[in-house]
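Every chain is numbered from 1 and lettered A, B, ... according to where its sequence line falls, protein lines coming before strand lines. What you see is a predicted model, and the numbers here were worked out from it, not measured in a lab. Worth knowing before you read on, the calculation uses all heavy atoms, side chains too, and leaves out hydrogens, waters and symmetry mates.
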Amino acid sequence: MKRTLITSALPYANGYLHLGHCAGAYLPADIYARYLRLKGEEVLYVCGSDEHGVAITIAAEKEKVSPREIIDKYHEANKEAFEKFGMSFDIYSRTSLPGHHDTAREFFRDFREKGYLVDLEEEQFYDEDANMFLPDRYVEGTCPNCGYDHARGDQCDNCGAYYDQLKLKNPLSLVSGKSPVVRRTSHWYMRFDMFQSFLESYIESHAGDWKDNVLQQSRSWLKQGLNERAITRDLNWGVMIDDIPNIPPGKAKGKVLYVWFEAVLGYISATKELINILAEQGKGSSDSWKKWWQDPETRYIAFIGKDNIVFHTLIFPAMLHGKGEGYILPDNVPANEFLNLEGQKFSKSRNWSIDLRDFIADFPEPTANDSLRYTLAMNLPETKDSDFTWKDFQARTNNELAAIFGNFVNRTLQFAYKNFGKVPDLPKSSKWLTLFWKNLISYFESSGISDNELLGRVPEELKKIFNDNDINLIYAVWKGNREAGAFYERFRFRDGVSETMNIARAANKYFNDEEPWNSIKTDPEKAEKTIYICCQLVRSLAVLFAPVTPHASAKIFDTLGIEYLTGDSPKDDKSEDYWLQTALPADLEASKLKEPELLFAKIEDETVSVQQAKLGVKIEEKVKDVQKLISIEDFSGIHLRTAKVLKAEKVHKSKKLLKLLVDTGEGERQIIAGIAQHYEPEQLTGKTVIILANLQPAKLMGLDSYGMLLAASDKDGKLSILTTDTEDMPPGAEIH
RNA sequence: GCCGGAGUAGCUCAGUUGGUUAGAGCAACGGAAUCAUAAUCCGUGUGUCGGGGGUUCAACUCCCUCCUCCGGUACCA
């Protein structure tokens with residue numbers, strides 16, 4: 001039995017995940033994991049938050065909160081977003097857990113004992129206000145070469161010169177803004193030079209199966225020769241090493257393991273954590289994590305973005321090899337390039353980004369996540385940087401996902417529901433159809449002839465049961481699931497998904513060619529057979545699309561009233577190859593059909609423009625904002641008034657907006673309110689509502705709005721407008 | 001600067017070791033059909049393959065050079 005360990009790069013817990021991250025290391029890994037689970041393989045897919053490092057302490061400093069608050073906020077937010085996005089992690093852990101610290105310390109101690117570490121002294125800038133040593137990134141000063149004022153750490157952006165950090169003139173700490181002092185410090189370095197030849201043969205052993213960019217990048221590093229690298233730094237946030245035996249007292253004080261050294265070990269810690277949880281529930285023993293990391297029968301696939309290549313092809317393998325104990329190395333590191341957004345790089349500081357959580361908030365339907373997954377899957381940066389645009393998202397959703405896959409499912413299930421109220425029984429004339437279907441598949445599989453000839457030589461006895469349309473369709477699903485699977489196994493996810501969509505195309509063609517809307521009148525038995533076969537295809541497509549659109553697939557299984565096969569962990573783990581079985585008919589006859597619902601909502605032009613307009617608009621957000629207290633004077637600047645709704649009407653071409661004419665006591669004014677999905681215009685006329693009267697006027701859908709209608713919203717986005725308790729409150733009454 | 005990747009149809013992208021007329025999806029146009037979210041199915045074009053030079057019988061593919069973009073090269077993660 002095949003066993004596969006899958007990891008995705010640990011996202012750094014100082015910001016929200018955006019679509020670029022999803023396309024890089026997460027969605028492809030999830031597709032792969034779900035695919036393998038459907039194949040009946042044993043899979044473990046682990047990930048978690050990377051929660052240490054100086055970027056987190058700086059972020060904490062800036063927001064005047066503790067590092068713990070930063071990581072809690074982003075860990076929880078990212079974990080939740082991943083869940084809703086449909087990531088099928090077996091565990092999503094975090095590196096701040098004690099178990100991870102233990103794992104990391106164990107590696108450190110072991111490497112020190114084995115002589116892989118050296119300690120070296122050096123001088124470095126120290127910020128006395130912030131109490132920290134300053135990485136190059138946090139020092140600015142005058143370039144010793146060209147005199148440029150804003151030269152960074154050890155490189156000048158103006159003239160491009162490199163120099164020792166300490167040669168920088170008039171250095172300033174970017175943390176406190178003060179001048180840093182020079183202090184001596186010592187650090188442990190890992191002797192990566194000792195692993196040079198081992199890594200060379202490791203990399204070359206994968207010359208045939210790794211992606212070119214991964215191979216070349218790794219070779220290039222090896223060609224330049226590996227050096228020792230510092231694995232500790234002076235910081236009080238991270239994995240402490242002051243309790244390691246045989247280190248002179250005080251020497252390790254205030255030092256933590258450097259993040260690049262410790263974060264990759266998070267994969268192992270997360271595995272141990274999951275296995276411990278399972279062991280406590282009586283499922284397996286607590287050291288069975290070893291079968292995932294120390295058993296040569298396990299394949300390990302590490303999904304990452306291109307910025308992470310050498311850490312997963314050289315540094316992590318060196319660490320695993322150095323640790324010994326049978327640790328396995330990555331079998332493949334399918335690194336993706338980067339995803340751009342509307343032609344530009346993702347950038348948090350410019351808010352040129354789509355955060356996953358914002359997408360989920362704006363598109364709360366679970367299957368909208370599938371639209372996103374599909375769009376990203378079809379645009380994965382597999383060989384070069386690719387581009388996400390909202391127009392493409394719209395086109396992929398409307399013209400492909402909804403129009404081809406969604407439409408086939410819908411037209412089939414609607415037809416079955418309206419005409420039969422269930423998946424139709426096979427008519428007497430086709431009683432043996434499922435049996436012959438299996439024979440047809442056996443014929444496809446056993447014949448040694450070329451694919452072109454395959455269809456021409458279908459045995460006569462099968463042709464008595466199946467017409468050409470039937471045979472072409474069954475051939476398409478048989479061929480398609482193999483090709484899609486083969487693409488997935490080569491980490492060609494875009495091609496795999498395309499291939500799956502082609503099966504849906506063939507299914508639509510079959511429906512057209514069979515014309516059940518005619519045969520239901522002229523030859524009902526034929527219609528029953530056609531729709532029976534279409535229902536089989538609906539079910540097959542639900543399985544085949546599950547790695548990409550798990551929510552939609554679940555909806556289909558639910559409508560058909562059959563078992564969910566979405567490759568979620570771990571319940572599909574039954575060692576049956578459900579993937580290949582999609583070419584065969586499943587047991588559907590007994591099932592009762594629910595009334596079918598649409599799978600995918602179409603994306604309107606308006607939605608696209610709203611989303612496009614959000615890009616690049618800066619929003620400041622801080623951890624403590626929610627708790628921020630304001631004074632009574634602050635509140636007096638906010639003019640809340642009652643107002644009577646005189647007239648309400650829908651805004652043309654807008655789903656969400658209502659145009660209101662209100663009496664404010666002092667006169668009439670127009671307010672555009674985003675409540676059309678919750679209130680009909682008639683419900684509002686005559687009501688006394690609360691408005692924010694001194695809000696800056698704004699233009700919405702080209703209409704001027706003078707003020708804001710107040711409404712409460714719950715977490716599902718349901719709205720309730722504020723009104724006064726008594727009916728006779730006059731317009732213009734103050735609220736305080 | 002150095003190292004790696006990329007620049008192909010209006011758009012998003014494939015193009016294996018150099019070998020006939022450079023492909024797919026979407027968009028566009030024409031037709032068939034009306035079960036289905038006006039959704040489907042069939043048919044039709046389109047390319048100085050970033051610029052320039054070279055090797056070869058033959059170059060999108062190999063070499064040189066220039067331009068543009070991305071990543072690595074930091075005590076960035």
Q: Take atom CZ of A:Arg219 and atom C1' of B:G5, then tell me their distance rounded to the nearest Å.
A: 14 Å

Q) By salt bridge (charged side-chain N to carboxylate O under 4.0 Å, His left out), which residues pair with A:Lys384, not counting sequence neighbours? A) none

(Q) Suppose we screen for side-chain contact (heavy atoms from CB on, under 4.5 Å). Which residues come up paired with A:Phe493, at least two apart in sequence or across chains? (A) A:Pro28, A:Ile31, A:Tyr32, A:Phe303, A:Leu380, A:Glu382, A:Tyr488, A:Phe491

Q) Quantified in whole Å, what is the C1' atom distance between nucleotide B:G71 and nucleotide B:C29? A) 42 Å

**Q.** Between B:G47 and B:U8 - C1' atom distance, rounded Å
**A.** 8 Å

(Q) Let me spell it out: for each of A:Gly53 and A:Asn340, pick the nucleotide of RNA chain B with the closest heavy atom. Which residue's pick is nearer the 5' end? (A) A:Asn340

Q) Aromatic rings A:Phe405 and A:Phe600: how do their planes relate, parallel, tilted or perpendicular, breaks at 30° and 60°? A) tilted

Q.
Between P on B:C26 and CZ on A:Phe405, what's the gap in Å once rounded to a whole number?
A. 17 Å

Q) Can you say whether the rings of A:Phe363 and A:Trp390 are parallel (under 30°), tilted (30 to 60°) or perpendicular (over 60°)? A) parallel

Q. Where along nucleotides 59-68 of chain B does protein come under 4.0 Å, by heavy atom, of base (B) or sugar-phosphate alone (S), with - for untouched nucleotides?
A. ----------

Q) Could you state the NZ-P distance from A:Lys211 to B:G71, rounded to the nearest angstrom? A) 16 Å

Q: Taking side-chain hydrogen bond (donor to acceptor under 3.5 Å, both in side chains) as the test, write out the residues that go with A:Thr95, two or more places apart.
A: none

Q) Taking atom C1' in both B:G50 and B:U61, what distance in whole Å separates the two? A) 16 Å

Q. Hey, is the main chain of A:Ser386 close enough, under 3.5 Å, to the side chain of A:Asn379 for a donor-acceptor pair?
A. no

Q. What is the ring orientation for A:His21 with A:His18, classed by angle as parallel under 30°, tilted 30 to 60°, or perpendicular over 60°?
A. parallel

Q: For B:G72 and B:U56, measure between their P atoms and round to the nearest Å.
A: 41 Å

(Q) So if I define the base as every atom that isn't primed, P, OP1 or OP2, how would nucleotides 34-39 of chain B read as a B/S/- string at a heavy-atom cutoff under 4.0 Å? (A) SBBB-S

Q. Rounded to the Å, how far apart are A:Leu339 CG and B:G71 P?
A. 13 Å

Q: Taking side-chain hydrogen bond (donor to acceptor under 3.5 Å, both in side chains) as the test, write out the residues that go with A:Gln414, two or more places apart.
A: none

Q) Do the two ring centres, one from A:Tyr202 and one from A:Trp210, sit under 6.0 Å apart? A) yes

Q) To the nearest Å, how far apart are A:Leu215 CG and B:G5 C1'? A) 13 Å

Q: Please indicate whether A:Lys348 has more than 12 foreign heavy atoms, meaning atoms of other residues, nucleotides or ligands, lying under 6.0 Å from its NZ.
A: yes

Q) What is the ring orientation for A:Trp260 with A:Phe311, classed by angle as parallel under 30°, tilted 30 to 60°, or perpendicular over 60°? A) tilted

Q.
Closest-nucleotide mapping onto RNA chain B: is A:His52 or A:Gln224 further toward the 5' terminus? I mean the 5' end.
A. A:Gln224

Q.
Under 4.0 Å, heavy atoms only, any strand: does A:Arg505 hit a base, just the sugar-phosphate, or nothing?
A. sugar-phosphate

(Q) Between B:A59 and B:A22, how many Å separate the two P atoms, rounded to a whole number? (A) 13 Å

**Q.** Sugar-phosphate or base contact per nucleotide [nucleotides 8-13 of chain B; S, B, -; heavy atom under 4.0 Å]
**A.** B---SS

Q: With sequence neighbours excluded, tell me which residues meet ring pair (Phe, Tyr, Trp, His ring centres under 6.0 Å) with A:His101.
A: A:His52

Q.
Taking 4.0 Å as the cut-off, does a side-chain nitrogen or oxygen of A:Lys345 come that near to OP1 or OP2 on B:G71?
A. yes

Q.
With rounding to the closest Å, how many angstrom separate the P atoms on B:U12 and B:G5?
A. 23 Å

(Q) If I pick the P atom on B:C64 and the same atom on B:A28, what distance separates them, to the nearest angstrom? (A) 44 Å

Q. Heavy atoms under 4.0 Å, any strand shown: does A:Gln216 hit a base, just sugar-phosphate, or nothing?
A. sugar-phosphate

(Q) Using whole Å, what does the distance between atom P of nucleotide B:A77 and atom CG of A:Asn14 come to? (A) 10 Å

Q. Taking only residues two or more places apart in sequence or in another chain, which ones pass side-chain contact (heavy atoms from CB on, under 4.5 Å) with A:Asn236?
A. none

Q.
Looking at B:G15, I'd like to know if its phosphate oxygens (OP1 or OP2) sit under 4.0 Å from a side-chain N or O belonging to A:Arg492.
A. yes

Q. Taking CD from A:Glu337 and C1' from B:G72, how many angstroms apart are they, rounded to a whole number?
A. 11 Å

**Q.** B:C62 versus B:A77 - spacing of their P atoms, nearest Å
**A.** 37 Å

Q | Integer-rounded Å distance: B:G4 C1' and A:Ile203 CD1 | A | 14 Å

Q) What pairs with A:Arg373 under salt bridge (charged side-chain N to carboxylate O under 4.0 Å, His left out), at least two apart in sequence or on another chain? A) A:Asp30

Q. Taking only Watson-Crick and G-U wobble pairs with both distances under 3.5 Å, what dot-bracket line describes RNA chain B, where [ ] shows pairs that cross earlier ones and | shows pairs with another strand?
A. (((((((..((((.....[...)))).(((((.......))))).....(((((..]....))))))))))))....

Q. Using a cut-off of 4.0 Å on non-hydrogen atoms, how would the nucleic acid contact of A:Lys306 be classed: base, sugar-phosphate, or nothing?
A. base

(Q) By the 4.0 Å heavy-atom rule, please label A:Glu515 as base, sugar-phosphate, or nothing. (A) nothing

Q: Please round to the nearest 0.5 Å and tell me the distance separating atom CG of A:Leu19 and atom CG of A:Leu341.
A: 7.5 Å

Q | Sugar-phosphate only, base, or nothing, as touched by A:Arg490 at under 4.0 Å among non-hydrogen atoms | A | nothing

Q. Which residues pass the ring pair (Phe, Tyr, Trp, His ring centres under 6.0 Å) test with A:Tyr12, sequence neighbours left out?
A. none

Q. So what does A:Asp50 touch, heavy atoms closer than 4.0 Å: a base, only the sugar-phosphate, or nothing?
A. sugar-phosphate

